[in-house]
Asks: 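What follows is a structure written as structure tokens; I'll ask about it next.
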Protein chains: 2
Amino acid sequence: MNGNSRDAAGNTARRPNVRRKTIYDVARLAGASPTAVSAVLNGSWRKRRISEALAERILKIAEDEGYSRNMQASALRRERSHLIGMLVPKYDNRYFGAIAEGFEAMARARDLFPIITCTLRDPRLELEAARAMIAHQVDCLVACGATDPDRITRICQASGVRSLNLDLPGKLAPSVISDNRGGAQALTAAILQGLRAAGKPLAPLLFVGGRAHDHNTAERIAGFRAAHADAGLAAPPELTLAAGYAPEKAEAAIAAFVAGGRNLPPGVFVNSTITLEGVVRWLKANDAYDTRAAHLGCFDWDPLASVLSENLLMVRQDVPAMLAALFALIDSGESRAAIIDLPTRFAGGG
Amino acid sequence: MNGNSRDAAGNTARRPNVRRKTIYDVARLAGASPTAVSAVLNGSWRKRRISEALAERILKIAEDEGYSRNMQASALRRERSHLIGMLVPKYDNRYFGAIAEGFEAMARARDLFPIITCTLRDPRLELEAARAMIAHQVDCLVACGATDPDRITRICQASGVRSLNLDLPGKLAPSVISDNRGGAQALTAAILQGLRAAGKPLAPLLFVGGRAHDHNTAERIAGFRAAHADAGLAAPPELTLAAGYAPEKAEAAIAAFVAGGRNLPPGVFVNSTITLEGVVRWLKANDAYDTRAAHLGCFDWDPLASVLSENLLMVRQDVPAMLAALFALIDSGESRAAIIDLPTRFAGGG
DNA sequence: CAATGTTGCTCAACCGATAGAGCATCCTTG
DNA sequence: CAAGGATGCTCTATCGGTTGAGCAACATTG
């Protein structure tokens, strides 16, 4: 089958001309044992009763020689890598960007080395990436916005790796998510209120974006419908266009909707900033867009879009709170499945 | 495969109760040697003259047992980790997001495991992250948008790790960057042309954002000035506000500029989308903003901002070309310092 | 039939760091 | 001054995979 699929990088793997320093090199120069050097350099020297004098000598030599610990060897021996992995769908929006940045900072604050990889919302890539992370011995894996979190949890469990879910919940591991239903309900209500304030007739809104079968989109649709009910409106299913997140899909969905002979509703609930791009593009291309007249709401937050638009309502998920909850779970060692549902905030109306 | 850690008290994240499978486990079950198992599982079995029959038996058992290679151990022995690291300043814009996504995809296509970490434009964090990556034995490190690329290269060299620069050039390692000067010159010319087309009087533009001492900002200022010269305009230094990328800094800079008794120029060259946020916020807050009247240009590309604005010109750096050039260098093993300067593209005028 | 080659597999020595056990000294204390 | 303890350090096995060397068994050749 695959005899030789190796070294795609054209075998640039020449042996390094600079031999890496090891504890053995440092030990020789310090006239001490590798054990002593190891203890000094990993901080366990007090416990191991190494004298302050020797510790200082070793530290100085290590510094001078540019010694750098080989974490692979260290992790191998200690059966603990201090690596923490995270899977993220995309880097094309502020939400996941903020999650990635915050995750890294909080991991580092705990002396964990964060490894983040984006999986492009591709289920196969998600599994492959999870397996790769496990092979690299991550101590813990966070699946953020995964299409099938439970599948990932099962893979982790098989290798004894702890896993947690973020943004999208699973049934097999602790999950930290936003209150999508509540946020969507509030956003929908605000869009309707905008219509009222503008003296326009109330009518059911259009829902665009997301995947009907994913938890968050389902919850948002539920909130969307609840807000309609609260306003005494029906929310007919044909106004729900959840054909994916990509801008082109949103454009195509709206085009098909209109081509079906229907009138465009007076307001639109958009499921993400990336989808918003497609929605606005369609509206502009079809001369239906006017910054003052549009009644748009977006379940996602982008400060630049927010400041550039007049009538754009945005829901901001509370990334710091989500990460705080996530790391509280990680710190506590909790691994029972349970969902932590955090409230969202409103950000800007232009 | 039931609950989790045995010692509920104290150290929870301790030893996993699921003992990881090793080649020794598989070897025992297959009635073969660990050597044979290793060879089969890493693909070198043909070279090592293992029979097809044994290979298949081992593969099946490994699959059934859920074996997963310990990359730490593997990397330790082979002195090649197949890890490739990248430092990135921020995840708060599409440019670095696209770089991160593309980098991951191209690394994976080469059987390298990408490790990306964001350093928040913090020089200290950059060095710390570089050192951490080296400790984790990356085979190669890409410094993207680093504040001091040469410092990072020197650290890498001391450990025999290959390094490359992206987005911001260094003098000690190969660098792939955008033609910032040319892009800025074209963008500036386009803004001026917009003024002309709108029948407004030509006047020097304002330059906002970036750090005067970083290469890219310096180049962009040069291009900005060249375009002014081309149009027969002076570009007085007091119109150049390079006080950082953050939105608040841009707002503050403009506020100070105006407070100094000067009139706001008829058009603005903005150095990044993140800065644009601050610029627009100030313009709106001061009633100076009108989507149709504003003459804004941004050296950065954000499709949502682009589609939301009427008169916003954006320069799009050619991320795919940059990554292609980067990996061409990586694949070729090139490590001599040289700068590859790629043209930018225009994207959208609203 | 001996010499040589090929096939299929195993042995043992690593890679670098770490932890348990052990071993001299030196210091107390009765 | 011997027993007991503290101090300061080293020895050695080990984590899991990989690799050069080596060894039977069988096939081929002159």
Side-chain angles (χ1 to χ4, degrees), chain A residues 6-7 13 15-16 19-28 30-58 62 65-83 134-137 139 159-160, chain B residues 14-16 19-28 30-58 62 65-83 134-137 139 159-160:
Chain A
R6 332 184 3 86
D7 242 308
R15 204 143 290 250
R19 193 91 206 147
R20 220 105 141 190
K21 303 289 183 208
T22 70
I23 52 168
Y24 301 94
D25 299 319
V26 176
R28 197 166 13 79
S33 71
T35 304
V37 175
S38 170
V40 169
L41 295 176
N42 70 27
S44 68
W45 58 281
R46 290 225 105 101
K47 203 177 68 195
R48 292 198 127 247
R49 298 188 315 223
I50 303 293
S51 68
E52 196 118 15
L54 180 54
E56 269 168 33
R57 187 150 42 97
I58 287 173
E65 295 293 306
Y67 170 83
S68 151
R69 176 145 58 136
N70 184 328
M71 299 306 274
Q72 311 262 25
S74 173
L76 176 59
R77 180 59 235 249
R78 313 164 78 161
E79 319 213 338
R80 186 126 156 60
S81 67
H82 290 266
L83 253 39
I134 290 169
H136 283 281
Q137 310 298 111
D139 291 332
S159 296
Chain B
R14 252 18 259 186
R15 207 142 298 236
R19 195 91 207 144
R20 222 105 139 190
K21 304 289 182 210
T22 69
I23 51 168
Y24 301 94
D25 299 320
V26 176
R28 196 165 16 76
S33 71
T35 302
V37 174
S38 171
V40 169
L41 295 175
N42 71 26
S44 68
W45 58 282
R46 291 224 103 101
K47 200 179 69 194
R48 290 198 131 250
R49 298 188 315 224
I50 303 293
S51 67
E52 196 117 15
L54 179 55
E56 269 169 33
R57 186 149 45 98
I58 287 173
E65 295 293 308
Y67 170 83
S68 150
R69 177 147 56 137
N70 185 328
M71 299 306 272
Q72 311 264 23
S74 173
L76 176 59
R77 182 56 236 250
R78 313 165 78 162
E79 320 211 339
R80 182 122 156 65
S81 67
H82 289 264
L83 254 38
I134 290 168
H136 283 281
Q137 309 297 113
D139 291 330
S159 296

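Order of the sequence lines fixes the chain letters, A, B, ..., with proteins taken first and strands second; residue numbering starts at 1 for each chain.
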Asks: Touch check for Ser74(B), heavy atoms < 4.0 angstrom, all strands: base, sugar-phosphate only, or nothing?
Replies: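 Contact class for Ser74(B): sugar-phosphate only.
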Asks: Base, sugar-phosphate or nothing for Ala39(A)? Non-hydrogen atoms, less than 4.0 Å.
Replies: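 Nothing, no heavy atom under 4.0 Å.
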Asks: For Asn42(A) and for Thr35(B), find the nucleotide of DNA chain C with the closest heavy atom, then tell me which residue's nucleotide is more 5'.
Replies: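 Closer to the 5' end of DNA chain C: Thr35(B).
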Asks: Examine dC14(C): is either OP1 or OP2 under 4.0 Å from a nitrogen or oxygen in the side chain of Arg77(B)? Give yes or no.
Replies: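 So the side-chain polar atoms of Arg77(B) never come under 4.0 Å of the phosphate oxygens OP1 or OP2 of dC14(C).
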Asks: Hey, does the side-chain of Arg80(B) have a donor or acceptor N/O within less than 3.5 Å of a partner on the base of dT18(D)?
Replies: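 Not at all, since no donor on one side and acceptor on the other fall under 3.5 Å apart.
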Asks: What nucleotide among dT18(C), dG16(D), dG16(C) has an atom nearest to a side-chain atom of Glu79(A)?
Replies: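 Ranking dT18(C), dG16(D), dG16(C) by closest atom to the Glu79(A) side chain puts dG16(D) first.
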Asks: Can you work out whether Ala73(A) or Arg49(B) has the more 5'-proximal nearest nucleotide on DNA chain D?
Replies: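 Result of the comparison: Ala73(A).
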Asks: Please work out if Ala75(B) contacts a base, only the sugar-phosphate, or nothing of the nucleic acid, heavy-atom cut-off 4.0 Å.
Replies: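 Ala75(B): no heavy atom of the nucleic acid under 4.0 Å.
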Asks: At under 4.0 Å between heavy atoms, what does Ser51(B) touch on the DNA or RNA strands: base, sugar-phosphate, or nothing?
Replies: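 Sugar-phosphate only.
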Asks: Would you tell me if any nitrogen or oxygen in the side chain of Arg48(A) comes within less than 4.0 Å of OP1 or OP2 on dG20(C)?
Replies: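 Indeed not, no polar side-chain atom of Arg48(A) lies that close.
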Asks: Taking only side-chain N and O atoms of Tyr67(B), does any of them lie within less than 4.0 angstrom of OP1 or OP2 on dG17(D)?
Replies: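 Yes.
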Asks: Within less than 4.0 Å of OP1 or OP2 of dA17(C), is there a side-chain N or O belonging to Ser38(A)?
Replies: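 Looking at the OP1 and OP2 atoms of dA17(C), neither is under 4.0 Å from any side-chain N or O of Ser38(A).
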Asks: So what does Leu41(A) hit on the nucleic acid, given a heavy-atom distance under 4.0 Å: a base, only sugar-phosphate, or nothing?
Replies: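 Nothing, no nucleic acid heavy atom in range.
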Asks: If I take atom CZ from residue Arg57(A) and atom CG from residue Leu54(A), how far apart are they, to the nearest 0.5 angstrom?
Replies: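 Atom-to-atom, Arg57(A):CZ and Leu54(A):CG are 5.0 Å apart.
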